[in-house]
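One structure below.
All residue numbers in this chain count up from 1 along the given sequence.
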Amino acid sequence: METIRIGDAERDSAVALLSEQYALGRLSKEEFDERSDAAWSARTRGDLSPLFTDLPVGRAGAAPPERRRRRSRVPVPLMALLLVLVAVTVLTHLPIILLALVLWIVGRRQWDRRWDRHSTSMRA
């Protein structure tokens, strides 16, 4: 496995990991320069492995971990209520109920965000 040849993508990943470690202060400028030169001249995975033995990163040549985006989720009971209201709206032809619910949800979120900002500024 260590004798498998690598390509530019693996070299780029290794240098990106080294850059991240340098940004975190785990490598000095000289160490970063030496290791990145070695990464660019590496031909096999075995050539990359020694570059990361003393660093807390994943396996050498792996792509840097992607950062997860926080997704806002609608709670399950709210989703059930929304489905019931959509059904009632379709059956009774009262789109005003659905519109009122959407406005209430949006308004509630805005209120929560303002309250969070306000309470954070009060603590500081």
Side-chain angles (χ1 to χ4, degrees):
M1 191 74 156
E2 296 293 319
T3 59
I4 295 177
R5 293 186 64 91
I6 59 170
D8 289 338
E10 288 89 357
R11 290 183 196 98
D12 286 339
S13 294
V15 172
L17 284 170
L18 290 170
S19 298
E20 184 178 314
Q21 297 300 310
Y22 174 67
L24 293 171
R26 293 188 179 120
L27 294 174
S28 67
K29 177 68 172 144
E30 294 79 26
E31 288 175 314
F32 171 74
D33 290 339
E34 289 173 13
R35 292 181 191 211
S36 61
D37 288 342
W40 286 119
S41 62
R43 291 186 179 171
T44 65
R45 289 184 181 173
D47 295 337
L48 290 179
S49 295
L51 302 177
F52 299 97
T53 56
D54 60 340
L55 296 173
V57 294
R59 65 180 179 83
E66 293 183 20
R67 298 194 177 156
R68 289 186 173 186
R69 286 183 11 199
R70 251 181 59 193
R71 291 189 294 179
S72 93
R73 292 182 163 202
V74 178
V76 175
L78 187 59
M79 183 62 91
L81 177 64
L82 184 62
L83 290 174
V84 168
L85 286 176
V86 166
V88 169
T89 301
V90 168
L91 293 174
T92 62
H93 305 290
L94 295 174
I96 194 73
I97 295 172
L98 186 60
L99 179 63
L101 177 68
V102 169
L103 290 176
W104 179 76
I105 291 172
V106 170
R108 182 70 182 174
R109 279 189 165 177
Q110 293 297 324
W111 173 260
D112 288 344
R113 287 182 187 153
R114 287 184 190 150
W115 180 255
D116 288 342
R117 275 190 245 137
H118 175 70
S119 62
T120 304
S121 66
M122 294 297 286
R123 281 186 236 146

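When all heavy atoms of S36 and L18 are compared, the pair lying nearest together is N-CD1, 3.8 Å. When every heavy atom of A14 is checked against every heavy atom of F52, the shortest pair comes out as O-CZ, 3.5 Å. Nearest heavy-atom pair across L51 and D47 is CG-O, 4.1 Å.
For D33, the salt bridge (charged side-chain N to carboxylate O under 4.0 Å, His left out) partners at least two apart in sequence or on another chain are K29. With sequence neighbours left out, R26 forms a side-chain contact (heavy atoms from CB on, under 4.5 Å) with Q21, L24, L55, P56. For S41, the side-chain contact (heavy atoms from CB on, under 4.5 Å) test picks out no residue, with sequence neighbours left out.
Checked by atom type and distance alone, the side chain of D37 never pairs as donor or acceptor with a backbone atom of E34 at under 3.5 Å. Here the side chain of T53 pairs no donor or acceptor atom with the backbone of S49 at under 3.5 angstrom.
I6 contributes atom CD1, which lies 7.0 Å from atom OG1 of T44 (distance to the nearest 0.5 angstrom). Rounded to the nearest 0.5 Å, atoms CG (D8) and CH2 (W40) are 6.5 Å apart. To the nearest 0.5 angstrom, R43 atom CZ is 9.0 Å from R11 atom CZ.
When each of L27, L48, L17 is paired with R35, the side-chain contact (heavy atoms from CB on, under 4.5 Å) condition holds for L27 and for no other.
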